[in-house]
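Report on the following structure.
All heavy atoms count here, side chains included; hydrogens, waters and symmetry mates do not. Because the structure is predicted, anything quoted here is derived from the model rather than measured.
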Amino acid sequence: MKSIPSHELSRRGFIRSLSRTALVLPFADILALAAPAQQQAPAPGKLGPQERSYETKPVAPPPGPKSPLEGTPLGVTFTDVAAQCGLSMETIYGGKLTNKYLLETTGCGLAFYDYDSDGWQDLFFVNGWRLEGFPAGQEPRCHLFKNNRDGTFTDVTKGSGLEHKTGWGQACCVGDYNNDGHDDLFVTYYGQNVLYRNNGNGTFTDVTEKAGLTQPGPKIRWNTGCTFVDYDRDGHLDLFVANYVDFDLKTAPLPEDGPCTYKGILVACGPPGLAGGRNILYHNNGDSTFADVSEKSGMWTAVGTYGLSVAASDLDNDGWPDIYVANDSAPATLYQNQHDGTFRDIAIEAGAALSAEAKPQAGMGVSIGDYNRDGNMDVVKTNFAGDTDSLYTNTGDAVFEDRTYPGGLGENTRLLGWGVGFFDMNNDGWPDILMSNGHVYPEVDKSKADLKYAEHKYLYRNLQNGRFEDVTNQGGTGILANVPARGCAFGDFDNDGDIDVVVSCINSVPQLLRCDSVLNRSWIKIKLVGVKSNRSGIGSRVVVTATTNPAATKPLQQAEELRSGGSYFSQNDLRLHFGLDQAKKVDTVEIRWLSGHVDVIRNLDVNLSYIIQEGGTILKAESLKPAKLKT
């Protein structure tokens with residue numbers, strides 16, 4: 001039998017994926033998308049209208065068996081408690097009313113980050129800059145807030161070592177890169193990134209240069225999303241950093257240069273027409289230093305560019321972490337781990353790169369989770385205004401079907417999405433979805449278009465049948481409030497057993513959306529401590545099995561992985577949270593460590609937070625005492 005070249009197999013796989021999802025394209029266009037010649041960053045093109053050709057009409061999900069949950073009261077509300085919790089600082093980023101450059105539009109991320117390991121989620125906010133600069137002593141800086149365990153926070157930035165760096169901050173991610181038991185912090189910038197070593201005493205040390213992360217060369221990098229990921233499974237966390245545009249303020253185009261317009265108004269130019277940046281992969285040498293392995297690992301062979309948000313996960317269930325990148329105005333990237341230190345972009349052939357109509361989209365944020373509980377990790381991605389967001393269902397081995405319309409996410413096309421998360425808001429054991437929205441151009445407030453810069457969120461309830469229901473109007477004032485949102489992170493700041501959300505708002509104060517539930521459902525939290533695996537346990541998969549309802553015919557089984565980074569430029573609580581509905585006990589907790597070791601722990605009590613060490617040792621099992629917000 002005649003052998004078939006590997007690139008031909010890839011193209012055939014892509015064509016098969018189109019058949020599965022009923023996408024229709026001319027055959028020549030299909031081959032052009034899959035051709036190896038496309039595996040390079042697109043060259044800069046002509047500047048012009050920024051419409052991006054994403055206008056899509058809302059489409060209701062096709063009729064099917066109705067879930068008994070549909071139309072029922074939500075039982076959960078989200079209230080913004082940022083002001084009474086002491087979160088009054090503003091995230092400064094670009095001009096308030098108008099933007100001259102694309103650099104002013106992206107905004108910042110933030111983190112739920114228990115930096116002092118006391119079991120309470122603290123908060124870290126990335127901050128930005130403005131073109132005109134600031135007087136000495138008035139520069140905006142990143143902020144670290146300590147959780148006071150009473151529902152309030154105290155700004156402890158001064159003296160922490162985090163207050164020295166200023167500039168166009170972007171994203172943050174957390175992981176114990178030196179395996180000393182203290183989770184460290186990485187912050188990306190337009191310009192030079194920063195690695196902060198957690199000293200374990202409430203202070204941090206900038207070890208960027210010492211760790212080998214100084215970025216050489218004349219070009220100013222626009223670093224964006226980041227993730228700590230042990231891609232070679234050697235027990236040391238490596239580091240991936242997405243890049244957006246090769247951007248120089250000295251030569252960057254002004255709105256009138258194109259002219260660059262949106263809905264008939266002049267706006268910041270790009271990213272179409274600008275040179276895309278190259279993603280970076282740093283290998284951890286095991287001695288607290290890193291080596292840039294971007295080119296030899298295959299990072300620069302991806303089809304898409306203009307990288308923004310990043311999520312690492314084992315999408316093909318082979319035990320090795322892969323990396324997904326949401327790209328703006330280009331096909332998404334899915335770096336499949338080849339187990340030999342290299343990656344291959346399979347996003348197009350895997351069916352996770354384009355819209356349901358086989359068009360590139362303006363991807364902003366990304367989250368990964370098993371929303372249909374089949375043991376495969378699925379992907380949700382936020383996109384530009386006028387387009388749907390994306391729901392890619394993993395059918396196994398990293399083969400995806402676009403379920404945006406059947407899944408119920410095609411109903412909304414109006415708002416512009418940024419931060420996003422699969423999270424179990426009602427503790428029923430099925431991941432729901434929240435999206436933070438806000439337009440990219442502040443100028444829309446002055447336009448004749450029926451658009452606003454500040455937008456409300458989308459909240460979707462999992463109907464447990466492969467579909468989501470838009471329950472935004474039931475979500476409470478925190479969901480319905482119009483804000484210019486960017487990054488958002490998910491975690492239980494008040495330790496009451498449900499998931500809260502913190503949102504970074506551009507040129508405004510943040511939101512802290514406290515989740516209040518009347519459902520009285522069970523849950524457990526699991527914090528991992530690696531031994532042979534990386535100390536943070538990042539990349540490990542946890543499978544929880546429990547009988548959630550006395551009338552259930554079989555136990556509920558749900559899987560989740562511990563990840564660094566994600567959403568839009570943000571970091572979630574590193575404690576894995578599992579809603580358990582009416583379960584009285586957890587039958588089993590199976591932990592598949594990245595080292596390959598598997599622990600199975602049986603018969604655990606519910607409504608407890610567990611710290612579990614690789615090898616199956618329960619280091620701590622504690623009943624959390626919910627914080628009572630002072631009045």
Exercise. Measure the distance from the SG of C269 to the SG of C260 and say whether it is below 2.5 Å.
Key: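 Judged by the SG atoms alone, which are under 2.5 Å apart, C260 and C269 are bridged.
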With the side chain counted from C-beta on, respond yes when [X] and [Y] share a heavy-atom pair under 4.5 Å apart, and no when they do not.
X    : Y    : value
V267 : P255 : no
L334 : Y324 : yes
L434 : M425 : no
E455 : H439 : yes
V380 : S367 : yes
T388 : L409 : no
E469 : L69  : no
P360 : L354 : yes

Taking [X] for its side chain and [Y] for its backbone only, find out whether a donor-acceptor pair lies under 3.5 Å.
X    : Y    : result
S447 : A449 : yes
N426 : V76  : no
N437 : H456 : yes
T188 : G225 : no
T472 : L459 : yes
Y93  : L103 : yes
D573 : F490 : no
S567 : G421 : no
N394 : G396 : yes
T91  : I506 : no

Self-check item: Worked check of side-chain contact (heavy atoms from CB on, under 4.5 Å) between Q170 and V126
Solution: CA-CA 7 Å; Q170 301 288 296; V126 181; 5.8 Å; no
Using only heavy-atom distances, determine whether the side chains of [X] and [Y] contain a donor-acceptor pair under 3.5 Å.
X    : Y    : value
Q464 : D428 : yes
H577 : D498 : no
D389 : Y460 : no

Exercise. Run the numbers on E401 and T395 for side chain to side chain donor-acceptor pair (under 3.5 Å), then give the verdict.
Key: CA-CA 7 Å; E401 291 183 353; T395 62; 5.4 Å; no
Exercise. For the pair M364 and N383, evaluate side-chain contact (heavy atoms from CB on, under 4.5 Å) and give the outcome as yes or no after the intermediate values.
Key: CA-CA 6 Å; M364 305 294 179; N383 297 311; 6.0 Å; no
Quiz prompt | Plane angle bin for F78 and F423 - parallel if under 30°, tilted between 30 and 60°, otherwise perpendicular | solution =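 Tilted.
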Measure across [X] and [Y] and return the closest heavy-atom pair with its distance rounded to 0.1 Å.
X    : Y    : answer
C488 : V420 : SG-N, 3.7 Å
P321 : N337 : O-ND2, 3.0 Å
Y306 : G276 : CE2-CA, 3.6 Å
P442 : G95  : CG-O, 4.4 Å
W222 : V245 : CB-O, 3.2 Å
S436 : R486 : OG-O, 3.0 Å

Quiz prompt | Which residues share a side chain to side chain contact (heavy atoms under 4.5 Å, CB included) with A242, sequence neighbours left out | solution =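 Partners of A242 by the side chain to side chain contact (heavy atoms under 4.5 Å, CB included) criterion, ordered by chain and then number, come out as T224, F240, N279, V310, V325.
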Self-check item: Partner residues of Q558 under the side chain to side chain contact (heavy atoms under 4.5 Å, CB included) criterion, sequence neighbours left out
Solution: R373, V544, L556, F578, L580
Quiz item: How far apart are the C-alpha atoms of Y371 and F468, what are their side-chain angles, what is the distance that settles it, and do they pass the ring pair (Phe, Tyr, Trp, His ring centres under 6.0 Å) test?
Solution: CA-CA 10 Å; Y371 82 90; F468 290 88; 5.3 Å; yes
Quiz item: What side-chain hydrogen bond (donor to acceptor under 3.5 Å, both in side chains) pairs are there with at least one residue in residues 58-81, not counting sequence neighbours?
Solution: T72-R461
Quiz item: Can we say R414 and D450 salt-bridge, meaning some charged N sits less than 4.0 Å from an Asp/Glu carboxylate O?
Solution: yes
Quiz item: Are the charged groups of D581 and R521 less than 4.0 angstrom apart, N to O?
Solution: yes
Practice problem: Carefully, step by step, assess T98 and E104 under the rule side-chain contact (heavy atoms from CB on, under 4.5 Å). | Solution: CA-CA 9 Å; T98 185; E104 300 178 77; over 6 Å; no
Quiz item: What about Y441 and Y262, are their ring centers closer than 6.0 Å?
Solution: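 They qualify: ring centres under 6.0 Å apart.
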